[in-house]
Amino acid sequence: MLKICKFGGSSLANAKQFAKVKGIIESDEARKCIVVSAPGKGENEPQKITDLLFACYENRKINSELNKLFGLVESRYLTIQKELAIESTIAEDLAKIKEALKQDKISEAELVSRGEFLSAKLLAAYLGYAFLDSKDLVCFGFDGKINHKETRERIIEAFKQVDRAVIPGFYGSYPNGDVCLFSRGGSDVTGSYFAEALDANLYENFTDVSGFYMCDPRLIPNPHKINEISYEELRELSYAGAQVLHEETILPLMEKAIPLVVLNSNAPEEAGTIIKENAIGHHLITGLTGKKGFMAITFVKTYFADKLETIRQVLNVFSRYQVPVEHIPTSIDSFSIIVEKNKIEDRLEALKSDLKKIEEIVSISEDHDVALITIVGKNMAKKSGVSGRLLSTFGDEKINIKLIDQGREEINIIVGISNDDFERSLKALYSRFAKEIV
Ligand code: ASP
């Protein structure tokens with residue numbers, strides 16, 4: 001039996017949390033491969049180490065600022081080490097990192113990765129586990145994409161030499177050995193690659209909540225807990241805005257149908273949420289989420305349906321400016337492109353001037369006030385009347401719908417509304433559907 005455990009930043013924020021983590025790991029023989037984040041926010045720790053390290057890099061040329069910021073980083077690790085009497089060389093490591101930073105001899109990615117590096121080194125020493133450096137195991141191409149095959153082979157090889165190990169999350173290396181980071185929250189993804197490579201029976205992801213809820217608890221008091229959710233549903237929810245796991249976490253696990261359970265390191269006995277193939281959920285809707293801050297750019301021309309070439313030209317412009325396209329609702333004489341505003345704002349004018357060069361387009365208009373609500377639930381599939389009832393909820397609340405999009409798998413429905421109607425929509429949907437059991 002092999003379990004991969006990943007502990008997030010709040011689970012490792014201070015000595016008290018480190019001690020809890022040790023207790024959790026030692027309570028189960030199968031917890032042999034441990035992936036960690038850098039220490040995050042805690043009871044008396046207002047900052048995440050990762051944020052502090054980014055700030056250190058930015059201030060590397062301002063001595064007084066750097067000393068202050070790096071001092072905060074040092075004291076976090078050294079306090080944990082001292083309070084738990086851990087034998088480790090992290091004081092020397094910290095001194096070397098600071099020197100390299102002062103001489104501008106360390107890249108931003110490498111500096112930031114030291115957050116997880118030191119966290120893993122410290123925990124490995126505390127547990128008496130081996131320390132394995134992700135730099136040697138998690139391989140990226142120069143395009144920043146992970147080389148899955150190489151990564152898998154290296155992980156398998158490394159675990160032939162050790163039985164139990166702690167591994168820093170969040171980074172790996174390019175083919176030339178330079179450090180490459182995942183995007184923020186990426187330690188979740190590191191855990192998945194280890195789970196996949198080692199054919200783990202379970203991936204336990206420890207955080208500071210006991211799993212996921214049907215809706216954001218900051219918006220809806222005491223929402224239903226989700227006990228089980230499928231990989232696909234979770235991907236939809238995290239892509240649409242639910243702050244759960246990093247959105248790339250699931251793909252490596254799906255390949256081998258490895259289940260992932262989200263657990264609370266402050267209450268490890270609670271059941272959490274399990275993500276797996278063929279998850280059974282009794283609610284009609286599994287989750288409700290969304291994001292504000294989108295815009296719609298609408299193109300008008302007579303009989304678009306017949307002119308795929310024009311659509312292709314428009315999409316080419318978006319791709320040239322590297323603006324990700326979220327949705328493309330269409331009608332016979334128009335189509336809209338929905339994008340996140342913060343991904344287009346700085347290049348909107350240039351992009352528009354290129355779009356205007358496309359012949360045949362009669363007009364281009366913009367709507368800067370779009371929020372997207374996403375309703376996810378595999379139990380909605382192949383049932384008549386669900387979207388009707390969903391949409392009438394907006395009508396009852398007198399909320400205008402700007403666009404509607406349902407994926408072919410019928411596990412998600414996306415509704416575009418005005419930003420001001422966002423919270424009201426989620427509350428209305430939750431109160432209408434929270435109790436619907438199938
Ligand atoms: N420490 C990194 C972050 O704060 C990565 C992680 O925790 O997964 O984003």
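Ligands are counted one by one from 1 in listed order, and the atoms in each one are counted from 1 as well. Sequence positions, counted from 1, serve as the residue numbers for this chain.
Using a 4.0 Å cut-off to heavy atoms of Ser187, the atoms of ligand 1 that qualify are 5 (C), 6 (C), 7 (O), 8 (O). Less than 4.0 angstrom separates some heavy atom of Glu116 from each of these atoms of ligand 1: 1 (N), 2 (C), 5 (C), 6 (C), 7 (O).
The local environment of NZ in Lys41 is sparse, with at most 12 non-hydrogen atoms from other residues, nucleotides or ligands closer than 6.0 Å.
For the pair Thr50 and ligand 1, the shortest N or O to N or O distance falls below 3.5 Å.
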For residues 85-93, run the donor-acceptor check on the side chains, cut-off 3.5 Å, and write out each pair with its distance to 0.1 Å, sequence neighbours left out.
residue	atom	partner	partner atom	Å
Ser88	OG	Ile90	N	3.1
Thr89	OG1	Lys121	NZ	3.2
Asp93	OD2	Lys121	NZ	2.7

Return all side-chain donor-acceptor pairs below 3.5 angstrom for residues 97-105, not counting sequence neighbours, or 'none' if the list is empty.
residue	atom	partner	partner atom	Å
Lys98	NZ	Asn67	OD1	3.1
Glu99	OE2	Gln103	NE2	2.8
Lys102	NZ	Asn67	OD1	3.3
Gln103	OE1	Lys105	NZ	2.9
Asp104	OD1	Arg60	NE	2.8

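Contact annotation: Gly185 has at least one heavy atom less than 4.0 Å from an atom of ligand 1. Contact analysis leaves Gly169 out of contact with ligand 1, as no non-hydrogen atom separation drops below 4.0 angstrom. No heavy atom of His246 sits closer than 4.0 Å to any atom of ligand 1.
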request  = Test side-chain contact (heavy atoms from CB on, under 4.5 Å) on Tyr239 and Asn412 and set out the steps.
outcome  = CA-CA 12 Å; Tyr239 183 71; Asn412 69 335; over 6 Å; no

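For atom 7 (O) of ligand 1, the nearest protein heavy atom (residue, atom name, distance) is Ser37 OG, 2.9 Å. Protein heavy atom nearest atom 3 (C) of ligand 1, with residue, atom name and distance: Arg184 NE, 3.3 Å.
Between Tyr193 and Tyr203, the distance from one ring center to the other does not fall under 6.0 angstrom. Here the two rings, on Phe140 and Phe182, have centers that are under 6.0 Å apart.
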